[in-house]
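Remarks on the structure that follows.
Both counts, for ligands and for their atoms, begin at 1 and track the order of listing. Throughout, residue positions are numbered sequentially from 1 according to the sequence presented.
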Amino acid sequence: MLERNYWLTTTAMPTPGPRPLPDAVDVAVIGAGFTGLSAARTLARRGAKVAVLESETIGWGASSRNGGMVLTGMKLGVNQLISKYGRELTQRMYAASLATIDCVEQIVKQESIACDFSRCGHLEVACKQKHFDDYARQAEVIAHEFNHPLRVLQKPELSTEIGSDIYYGGMIDGVSAGLNPARYVGGLGRAAIKAGAEIFEHTHVGSVQRESRQGENGWKLQTSRGPLWAHEVFVGTSGYTGVATPALRKKLIPIGSFIITTEVLPEKLAHELSPRNRMIYDSKNYLYYYRLTPDRRMLFGGRAAFFPENDQTIRRSAQILRRGMIEVYPQLSDARVEYVWGGTLDFAFDIMPHAGQLDGMYYAVGYAGHGVAMATYQGQKIAELMAGDKPDNPFVGIPFPGAPLGLYTGRPWFLPFAGAWYKFLDWVS
Ligand SMILES: Cc1cc2nc3c(=O)[nH]c(=O)nc-3n(C[C@H](O)[C@H](O)[C@H](O)COP(=O)(O)OP(=O)(O)OC[C@H]3O[C@@H](n4cnc5c(N)ncnc54)[C@H](O)[C@@H]3O)c2cc1C
């Protein structure tokens, strides 16, 4: 088994090469993942001089490491959203979540990104009878409030969708899609460069301070490759947000998620496991998500350890995930696991996406495992806002809470307790 991101074996990332940093740009984008690259592409197409500053390489963060599930909806359920934000705002949020999929599809088409994008739909499977009972209620609210049809499947019908009999039923959203995330983020990088943005890899931003230049307000960024002045700053650092943007860091919890992939499976077995090739996830808080890769491996992921990736959490996760995969699919008990890797995603304290301006800098964060589509969309929408448009973006301006009592500086000491708490919730609810 290789401790390596399988997706990266399927593609070569663009390599912009080392160049000197410019003295000044219109916009400095921090982070070269979906968020930053989508913003850079949009801003450069609008004529802005853009520098994307990335500590590592293009797509190094969660954007090349994820499950490639391009999902509708948000992490919070619709009833929770309505009681928190009211009907009108929730309707706009839900409509935006559907538009995020169109946004990815449009970019893939416009930029001819060969990333196996397919509208295969997603399937949520119920781990308990009461979770299944809630599907019918959710589907009704979503049809009624958002005019969006979901299909609820009773347990006996589930065999047309999944080769596992451990679940109590399922719910399908045909609008969701799947893609190869490494190919997608590489393509987004090429598209940003084609539009005129410059990407500087191995350029870590250490600090960002307000500084005027020739009478213009702006920002001085200290980077590992020297200083840079920018009229505006856009932060797209997600689960890797660090001390350079302390106010944002305090509002985000970095959480590890891990994935294994098997060897290439025989066609008949792959078809038996997932006859319609859906993006699948279960109904637990501590959930498993899984799918077939385009070359017919089973990709199986979960929050096997709450802490972000390191040698220990990755190795331990491989064992936990393999056990989980065989519980779902006993047919895979002899399948070789060939790859394991992990990555860090970001949760806001209210588990919502957030975007807008904080301390004068633009940002988009908080995707909570729903970032493939939402990060692309927020990058584009915030870039449009920066370019002077007034795009409808229901996630701008909603309250962005920090930790209760402000007891958090960005070092998530409470993760083991949070992990235990979610396991407990899965047990009782
Ligand atoms: C294992 C895993 C599975 C997932 N599965 C799914 C899925 O199936 N579907 C889904 O929708 N979402 C999924 N997600 C979430 C999704 O991948 C993320 O929400 C999304 O990629 C976030 O994109 P981003 O561009 O905001 O951040 P990232 O891709 O994480 O990029 C942030 C970048 O910022 C850089 N950076 C940070 N600080 C600095 C600095 N000071 N200077 C310069 N650069 C800096 C980092 O090096 C990093 O490359 C998953 C995440 C993980 C980890």
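In this structure, atom 32 (C) of ligand 1 lies nearest to the protein heavy atom Gly236 O, 3.5 Å. Taking atom 36 (N) of ligand 1 as the reference point, the nearest protein heavy-atom neighbour is Thr237 CG2, 3.7 Å. Looking only at heavy atoms of the protein, atom 4 (C) of ligand 1 is closest to Asn66 CB, 3.0 Å. Shortest contact from atom 1 (C) of ligand 1 to any protein heavy atom: Ser257 O, 3.4 Å. Distance from atom 19 (O) of ligand 1 to its nearest protein heavy atom, with residue and atom name: Gly371 CA, 3.2 Å.
Here is the list of ligand 1 atoms found below 4.0 Å of a heavy atom in Gly343: 53 (C). Near Thr203, the atoms of ligand 1 lying under 4.0 angstrom from a non-hydrogen atom of the residue are 43 (C). Less than 4.0 angstrom separates some heavy atom of Gly31 from each of these atoms of ligand 1: 33 (C), 34 (O), 35 (C). Near Leu345, meaning under 4.0 Å from one of its heavy atoms, ligand 1 places the atoms 50 (C), 51 (C), 52 (C).
Residue contact annotation: Tyr289 has a non-hydrogen atom under 4.0 Å from ligand 1. Not a single heavy atom of Leu71 sits less than 4.0 Å from an atom of ligand 1.
Both tests pass for Arg65 against the ring of Trp60: distance under 6.0 Å to the centre and angle within 45° of the axis.
For the pair Gly369 and ligand 1, the shortest N or O to N or O distance falls below 3.5 Å. Residue Met69 has at least one N or O atom closer than 3.5 Å to an N or O atom of ligand 1. Inclusion of Ser55 in the set of residues having an N or O under 3.5 Å from an N or O of ligand 1 is warranted. Residue Ala62 has at least one nitrogen or oxygen atom sitting less than 3.5 Å from a nitrogen or oxygen atom of ligand 1, judged on distance alone. Ligand 1 has no N or O atom lying under 3.5 Å from any N or O atom of Gly242, backbone or side chain. Geometrically, ligand 1 and Thr35 share a nitrogen or oxygen pair separated by less than 3.5 Å. Residue contacts with ligand 1: Gly67 is placed with a nitrogen or oxygen under 3.5 Å of a nitrogen or oxygen of the ligand (distance criterion only). For ligand 1, the polar-atom distance check finds an N/O of Glu54 within less than 3.5 Å of one of the ligand's N/O atoms. At under 3.5 Å, not a single nitrogen or oxygen of Gly342, backbone or side chain, sits near a nitrogen or oxygen of ligand 1. The shortest N or O to N or O distance between Trp60 and ligand 1 is not under 3.5 Å.
If you look at Tyr329 and Phe300, their ring centroids are not closer than 6.0 Å. Between Tyr184 and Phe117, the distance from one ring center to the other does not fall under 6.0 angstrom. Taking the six-membered ring wherever Trp is involved, the centroid distance between the rings of Phe146 and Tyr94 falls below 6.0 Å. The six-membered or imidazole ring of Tyr363 lies near that of Phe400, with a centre-to-centre distance under 6.0 Å.
Of the listed options Phe34, Tyr240, Tyr363, Tyr240 places a heavy atom closest to atom 38 (N) of ligand 1. Of the options Gly68, Ser238, Gly33, Pro181, the smallest heavy-atom separation from atom 22 (C) of ligand 1 is shown by Ser238. Counting heavy atoms only, Ser63 comes closest to atom 29 (O) of ligand 1 of the residues Gly61, Ala375, Ser63. When the heavy atoms of Val205, Val365, Val29 are ranked by distance to atom 42 (N) of ligand 1, first place goes to Val205.
To the nearest 0.5 Å, atom CG of residue Leu76 and atom CD1 of residue Ile82 are 12.0 Å apart. For the atom pair CZ of Arg4 and OG1 of Thr261, the computed distance is 11.0 Å after rounding to the nearest 0.5 Å. In this structure, CE on Met171 lies 6.5 Å from NE2 on His122, to the nearest 0.5 angstrom. How far CD1 of Ile259 is from CG of Asn66: 6.5 Å, rounded to the nearest 0.5 Å.
Counting heavy atoms of neighbouring residues, nucleotides and ligands inside a 6.0 Å radius, atom CG of Asn147 does not exceed 12 of them. Residue-environment remark: NE2 (His148) exceeds the threshold of 12 foreign heavy atoms within 6.0 Å.
Contacts with ligand 1 closer than 4.0 Å are made by no heavy atom of Met279, backbone or side chain. Residue-level proximity to ligand 1 for Ile30 is carried by the side chain, the only part with a heavy atom below 4.0 angstrom.
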Subject >> Verdict with supporting geometry, Asp295 and Tyr6, side chain to side chain contact (heavy atoms under 4.5 Å, CB included) >> reply: CA-CA 11 Å; Asp295 67 350; Tyr6 153 75; 2.9 Å; yes
**OP:** Tell me, with the steps shown, if Glu338 and Leu2 meet side chain to side chain contact (heavy atoms under 4.5 Å, CB included).
**Re:** CA-CA 6 Å; Glu338 290 196 340; Leu2 295 171; over 6 Å; no
Subject >> Candidate pair Arg278 and Glu161, rule salt bridge (charged side-chain N to carboxylate O under 4.0 Å, His left out), full reasoning >> reply: CA-CA 8 Å; Arg278 305 269 194 211; Glu161 289 288 338; 2.9 Å; yes
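Classification of the Tyr167-Tyr290 ring pair by plane angle, with boundaries at 30° and 60°, yields parallel.
Considering only heavy atoms from C-beta on, Gln380 comes within 4.5 Å of Glu384 through its side chain.
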